Amino acid sequence: MLDPKFLRNEIQETAARLATRGFKLDVARLEELETRRKDLQTATQELQNERNAKSKNIGQAKARGEDIKPLLDSVADLGDKLDAAKSELQVLLNEIDSIALAIPNLPADDVPSGASEDDNVEVLKWGEPKSFDFEPKDHVDLGESLANGLDFAMGTKLSGARFTVMRGKIARMNRALSQFMLDQHTEEHGYTETYVPYLVNNESLQGTGQLPKFAEDLFHTQPLTGQSDNLDEQDARKLSLIPTAEVPLTNFARDVIYDESELPVKLTAHTPCFRSEAGSYGRDTRGLIRQHQFDKVELVQIVKPENSAQALEELTGHAETILQKLELPYRKVVLCTGDMGFGATKTYDLEVWLPAQNTYREISSCSSMGDFQSRRMQARYRAKGAKKPDLVHTLNGSGLAVGRTLVAVLENYQNEDGSITVPAALVPYMGGITKIG
RNA sequence: GGAGAGGUGGCAGAGUUCGGUCGAAUGCACCUGACUUGAAAUCAGGCGAAGGGUUAAACCUUCCGGGGGUUCGAAUCCCUCCCUCUCCGCCA
């Protein structure tokens, strides 16, 4: 959520900045709503003031033992007028609120402007794509032929499309990867390991920005009632599967006022992620690339505003370290204004080299959300000597997506006979074996 | 699953009997000042959040777990939901 002041006082500038990411702000509509809000709010508050003052008089008169009948008569119709004003104001506020909740974040100044992923800017390339003296197979062929290590048919039988069963050494490697990543981040990068719920409530989802706008991307334990943009009382108790550990981890900060000395908070967790992938029916239907369920090691930082830009560089570096230690070639791109996620001010994508596709594919996305999530969550900190608490900044990134890392290892470390060399960094996590198959 | 207790400011904790100068005693923490070479201790003062308003203030409104109700007026009374704690049962 943006600072309401942007929508009140700097709406033209705000609209212009939002336009760079392809979002059209209905300025005329908002201005009209704002004008009415101001009038109505003032009028309502005046009525409340009048009521409070008169009620106070009644109390005092009663204490003195005077006749309060005339006073009661004088407030007779006040209640109805107040109720009417209040409900009219509430309708208006709800409308403004639902508009505000659907406005994406403002891009940071140093984000390249552009309309689509074609306008993303490559920052660096790391490692050389290995040249094979045979035709490299893709991870599906490799995984299926390795003792049925990847069993897509079984996943479909049990659950449906985009679910997969892993067996034997492939399953072990999937586990090894997440263990390796967690150890790196906790032992080398200073993150606190956490274990979190995989089911979260709607407040948490609204805090990080998945709701109200992206309900269809998630799996819900119960269908949401209605299409309302605002959470009603019943919906607030329904749980949804997390699409990323960003949701529970970032919501640690919800309704918290940190002491300055507690920041930054750095959290990591290994969790499954569940995505309905609505709207992606035709894309990446083969293999592990796009699944309804996959594992991810997530990095989250809660920082002081002045540190968030630097923190994004560091957090992205932490994710890069994993790729470097696994010796997987990758490139780093900064997303353009048009390709960024809803709540991001700036995002780096890390894309790993996949030989079978002869291209780089996203394996991590690291973003600074500025105060966008903090404002929704009321996540604040108190600076030493400051009168009022300030909103913190939040960042998150994948470090890394485990399923896609498995794909990358299988494809990049394949040998001509279909076996897979275990990356050196992973050998200790694989019980010492150096080759699969 | 059964029985009971409770949710109040950053934290702890009064107030709820008998609704009215209660946005809320007190303590801790924090901020400012005095004392001190400095610090500690002590003393004095200040100190919840959100919104509106102002050059800045003043000032106004809302908030005592969420929602609803009664009333001129609700932290306080009623309904409902959520959460926490204790005891019993059950379970990994």
Side-chain angles (χ1 to χ4, degrees), chain A residues 1-9 33-97 100-101 195 197 199-207 211 221-222 225-226 228 230-240 251-263 265 302 304 371 374-392:
Chain A
M1 193 148 76
L2 299 181
D3 190 334
K5 290 189 172 65
F6 288 164
L7 299 179
R8 286 176 191 156
N9 309 330
L33 289 172
E34 262 307 313
T35 310
R36 280 177 51 207
R37 178 201 61 83
K38 219 166 184 169
D39 292 346
L40 250 177
Q41 186 164 343
T42 310
T44 306
Q45 291 188 353
E46 273 169 14
L47 282 172
Q48 279 171 326
N49 186 16
E50 186 182 347
R51 187 206 58 191
N52 290 347
K54 289 191 170 170
S55 291
K56 202 174 231 179
N57 285 340
I58 293 175
Q60 289 169 340
K62 208 174 166 188
R64 289 192 297 265
E66 296 170 7
D67 178 20
I68 58 171
K69 184 74 170 52
L71 287 170
L72 283 179
D73 290 343
S74 76
V75 291
D77 63 334
L78 208 54
D80 289 341
K81 282 203 283 191
L82 188 55
D83 284 346
K86 266 183 175 169
S87 61
E88 198 182 342
L89 179 63
Q90 196 52 53
V91 169
L92 193 59
L93 287 177
N94 285 345
E95 188 170 352
I96 293 173
D97 210 39
L101 280 174
Y195 174 83
L199 288 162
V200 292
N201 59 31
N202 286 359
E203 277 177 283
S204 295
L205 289 164
Q206 176 159 319
L211 292 182
T221 52
Q222 298 174 57
T225 56
S228 167
N230 285 300
L231 303 178
D232 72 21
E233 203 181 335
Q234 280 188 317
D235 285 342
R237 267 173 279 130
K238 295 175 179 173
L239 300 176
S240 305
N251 272 282
F252 277 29
R254 175 152 51 85
D255 295 323
V256 172
I257 299 179
Y258 290 99
D259 189 85
E260 184 172 18
S261 62
E262 297 176 86
L263 301 177
V265 174
I302 297 157
K304 293 196 278 181
D371 61 14
S374 310
R375 185 168 294 107
R376 290 171 168 244
M377 295 190 300
Q378 283 300 297
R380 294 165 292 176
Y381 79 105
R382 200 182 299 275
K384 203 168 166 58
K387 273 190 170 174
K388 285 181 172 288
D390 243 340
L391 293 171
V392 297

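All of these numbers come straight from a predicted model, not from anything done at the bench. Residue numbering restarts at 1 for every chain, and letters A, B, ... go by the order of the sequence lines.
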Bracket notation of RNA chain B in which parentheses pair within the strand, [ ] cross earlier pairs, and | pairs with another strand (Watson-Crick or G-U, under 3.5 Å): ((((((((.[[[..)....(.....]]].(((((.......))))).(((((......))))).[[[[[..)....]]]]])))))))....

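Smallest separation of non-hydrogen atoms from S74(A) and L71(A): OG-O, 2.7 Å. The heavy-atom pair separating V392(A) from R380(A) by the smallest distance is CG1-C, 3.7 Å. When all heavy atoms of Y381(A) and L391(A) are compared, the pair lying nearest together is CE2-O, 4.0 Å. The minimum heavy-atom distance between S204(A) and R254(A), with the atom names listed, is OG-NH2, 2.8 Å. Listed here is the closest heavy atom pair of E203(A) and N251(A): O-OD1, 4.2 Å. Of all heavy-atom pairs between L47(A) and K81(A), the closest is CD1-O, 3.9 Å.
Less than 4.0 Å separates RNA chain B from no heavy atom of any residue of residues 83-93 of chain A.
The distance from atom CD of E260(A) to atom CG of D390(A), rounded to the nearest 0.5 Å, is 10.0 Å. With values rounded to the nearest 0.5 angstrom, T44(A) atom OG1 is found 10.0 Å from D39(A) atom CG. Between K56(A) atom NZ and Q60(A) atom CD the span is 7.0 Å, to the nearest 0.5 Å.
Of the candidates A49(B), C72(B), U21(B), C72(B) carries the atom nearest the S55(A) side chain, counting heavy atoms from C-beta on. Nearest to the side chain of P389(A), among C60(B), G20(B), A49(B), sits A49(B). Closest contact between the side chain of K38(A) and the listed nucleotides G53(B), U62(B), G51(B) involves G53(B). The side chain of V75(A) sits closest to C72(B) out of U61(B), A49(B), C72(B). Of all nucleotides listed (U21(B), A49(B), U61(B)), U21(B) comes nearest to the side chain of Q60(A). The nucleotide whose nearest atom lies closest to any side-chain atom of R51(A) is, among U61(B), A49(B), C72(B), C72(B). Minimum atom distance to the side chain of L72(A) is reached by C72(B), of the listed A49(B), G51(B), C72(B).
Rounded to an integer number of Å, the gap from CD of E50(A) to C1' of G73(B) is 14 Å. Going from atom CG of L391(A) over to atom P of A49(B) covers 13 Å, rounded to whole Å. The distance from atom NZ of K388(A) to atom C1' of C30(B) is 16 Å, rounded to the nearest whole Å. Taking atom CG of residue D259(A) and atom C1' of nucleotide C30(B), one finds them 9 Å apart after rounding to whole Å. Between D255(A) atom CG and G66(B) atom C1' there is a gap of 12 Å when expressed in whole angstrom units. Atom pair K62(A):NZ and C18(B):P shows a separation of 15 Å (rounding to whole Å applied). Rounded to a whole Å, the CZ atom of R37(A) is 16 Å from the P atom of A50(B). To the nearest angstrom, P of G66(B) lies 18 Å from CG of N202(A).
If you check every strand for non-hydrogen atoms under 4.0 Å, R375(A) touches nothing.
OP1 and OP2 of C31(B) both lie 4.0 Å or more from every side-chain N or O belonging to R382(A). At least one side-chain nitrogen or oxygen of N49(A) sits closer than 4.0 Å to the OP1 or OP2 atom of U61(B).
G19(B) and A24(B) are spaced 15 Å apart, taking the C1' atom of each and rounding to whole Å. Here, U76(B) and C64(B) have their C1' atoms 10 Å apart, quoted to the whole Å. Comparing C28(B) with A44(B), their P atoms sit 12 Å apart, to the nearest whole Å. The gap from the P atom of U8(B) to that of U61(B) amounts to 26 Å, rounded to the nearest Å. Comparing the C1' positions of G65(B) and A3(B) gives a spacing of 23 Å, expressed to the nearest Å. Rounded to whole Å, the separation between the C1' atoms of A12(B) and G4(B) comes to 24 Å. Taking the C1' atom of each, G7(B) and A75(B) are spaced 12 Å apart, rounded to whole Å. A distance of about 50 Å separates the P atoms of U37(B) and U54(B), rounded to the whole Å.
Not a single donor-acceptor pair under 3.5 Å links the side chain of R376(A) to the backbone N or O of L205(A).
Side-chain atoms of N94(A) and Q90(A) include a donor-acceptor pair closer than 3.5 Å.
Comment: E50(A) engages K54(A) in a salt bridge, judged by a side-chain N to carboxylate O separation of less than 4.0 angstrom.
The residue among K56(A) and T42(A) whose nearest nucleotide of RNA chain B is located toward the 5' end is K56(A). For the pair N52(A) and Q41(A), nearest-nucleotide mapping onto RNA chain B gives the more 5' position to Q41(A).
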